[in-house]
Chemist: 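Next up is a structure, given as structure tokens.
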Amino acid sequence: MQNLKINAQRLWDTLMETASFGRTVKGGINRLTLTDDDKEVRDWFRKAAEAAGCTVMIDEVGNMFARRPGRREGLAPLAMGSHLDTQPTGGKFDGVLGVLAALEAVRTLQESGYETNAPIEIVNWTNEEGSRFAPAMLGSGVFAGAFALDYADGRQDRDGNTFADALLRIGYRGAEKAGAQILENAGATIGVVTGVQGMRWYDVTVCGEDAHTGATPMHLRKNALLGAARVIDAVDAIGREFAPEGVATVGLIENRPNSRNVVPGEVFFTIDLRHREDNVLEQMEQRLRLALAAILDPLGLTYQEKQIWGSPAVRFAPELIRCVRRAAEEAGFATRDIVSGAGHDAVYVARIAPTTMIFVPCLKGISHNEAESTSLEECAAGAQVLLNAILEYDRGLA
Ligand code: GLV
Ligand code: MN
């Protein structure tokens with residue numbers, strides 16, 4: 001058995017180097033998908049992967065696959081990876097660590113001259129975050145056949161730019177059809193991740209009437225923002241009712257006309273509901289629908305509510321979960337089973353190939369925040385377990 005050690009400092013240096021693409025003053029990253037900063041980090045990743053002996057292929061939704069050949073090319077590749085896009089006030093590790101730990105694992109194989117049986121791939125999925133173009137996990141979703149290409153292409157950001165135009169603009173519309181290859185394994189970021197909770201996203205527009213703040217008596221107002229505020233409180237109450245597994249959030253709101261002396265006539269906002277049991281998530285949705293009507297009708301407001309995305313709860317492949325446990329043991333790390341609260345590309349990949357994930361701790365659990373913090377040792381532990389797990393699985397293919 002080989003005892004290959006990843007290079008912790010080199011991994012850390014790549015994390016810090018790539019954090020310069022979209023760095024924020026608070027030390028986080030603002031690298032929304034398909035922006036100039038995303039292009040720069042993609043270009044960097046392509047060069048780094050090529051230098052590590054990989055051939056890089058880009059598919060039609062911009063997913064990047066860096067492949068290192070195996071001894072037996074007929075075997076399906078073992079893929080590891082995550083995403084390089086971030087939230088607008090994202091941290092330096094969410095997603096990025098999954099891609100760069102995979103790069104570190106490949107660099108370690110390359111410098112030791114280790115030949116795996118199966119080809120190894122590092123994957124950078126497009127638009128995992130879903131912050132600029134909803135829904136999340138769009139690239140992996142097209143890859144896995146959960147979304148049609150046309151659907152992805154037509155997604156619009158809040159400024160009306162389409163996903164297809166943004167992809168072309170940065171030069172990452174690849175020739176390869178998405179999902180043309182088969183994955184055997186995908187890992188991303190030492191939590192042994194047994195699954196991912198179910199998620200549903202909604203768009204809501206509340207319509208009232210623009211009116212003069214000075215000249216419109218209180219009883220004659222149709223104040224869309226007041227309605228939205230009460231719904232936001234009700235959404236939070238739904239999350240609390242179903243806690244700790246249930247969570248419910250309004251994260252984006254646009255108030256129109258957003259003028260201090262106009263009673264707001266229209267408000268757009270988003271809702272994100274999550275739970276690890278799909279039937280409980282369904283109950284949360286029913287509570288939401290009741291709350292919308294009960295709150296908005298008496299205020300004289302109309303509304304449109306649309307579920308724009310749903311991702312059922314996922315359970316990962318038991319044989320790969322065992323591989324990760326053994327890999328962590330081999331490296332001398334304690335493990336904890338965990339169901340992911342966040343969505344990940346692994347959700348869609350799991351539909352077409354055995355899949356699991358590896359988690360490392362982050363300080364106080366803070367993520368989607370510029371203060372997101374994971375130590376060099378923790379990043380290295382994740383990368384080492386990733387490499388061990390891949391080798392453990394690959395040895396079984398001999
Ligand atoms: C992405 O990180 C999500 O969980 O929405
Ligand atoms: Mn994220």
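Order of appearance sets the numbers: ligands from 1, and atoms from 1 within every ligand.
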Chemist: Do the side chains of Asp153 and Arg173 get close enough for a salt bridge, i.e. N-O under 4.0 angstrom?
Modeler: yes
Chemist: Between Glu128 and the Mn ion (ligand 2), is there a contact where an N/O/S atom of the residue lies under 2.8 Å from the metal?
Modeler: no
Chemist: Would you check if the side chain of Glu370 reaches a backbone N or O of Ile29 as a donor-acceptor pair within less than 3.5 Å?
Modeler: no
Chemist: Counting only N and O atoms by type, is there a donor-acceptor contact under 3.5 Å from the side chain of Thr213 to the main-chain atoms of Asn261?
Modeler: yes
Chemist: Give, rounded to 10 degrees, the angle between NE2 (His368) and OD2 (Asp94) as seen from the Mn ion (ligand 2).
Modeler: 90°
Chemist: Would you check if there is a donor-acceptor pair between the side chains of Glu319 and Tyr393 at a distance under 3.5 Å?
Modeler: no
Chemist: Please collect all salt bridge (Lys or Arg N to Asp or Glu O under 4.0 Å) contacts where either partner lies in residues 22-31, sequence neighbours excluded, each pair once.
Modeler: none
Chemist: What are the atom names and distances for all N or O pairs under 3.5 Å between ligand 1 and the protein?
Modeler:
from, atom 1, to, atom 2, distance (Å)
ligand 1, 2 (O), Glu129, OE1, 3.1
ligand 1, 2 (O), His368, NE2, 3.3
ligand 1, 4 (O), Arg274, NH1, 2.8
ligand 1, 4 (O), Arg274, NH2, 3.4
ligand 1, 4 (O), Gly343, N, 2.6
ligand 1, 5 (O), Arg274, NH2, 2.8

Chemist: Report yes if some heavy atom in the side chain of Tyr202 is under 4.5 Å from a heavy atom in the side chain of Phe269; otherwise report no.
Modeler: no
Chemist: Which pair of non-hydrogen atoms, one from Gly130 and one from Trp201, has the smallest distance, and what is that distance?
Modeler: O-CZ3, 3.8 Å
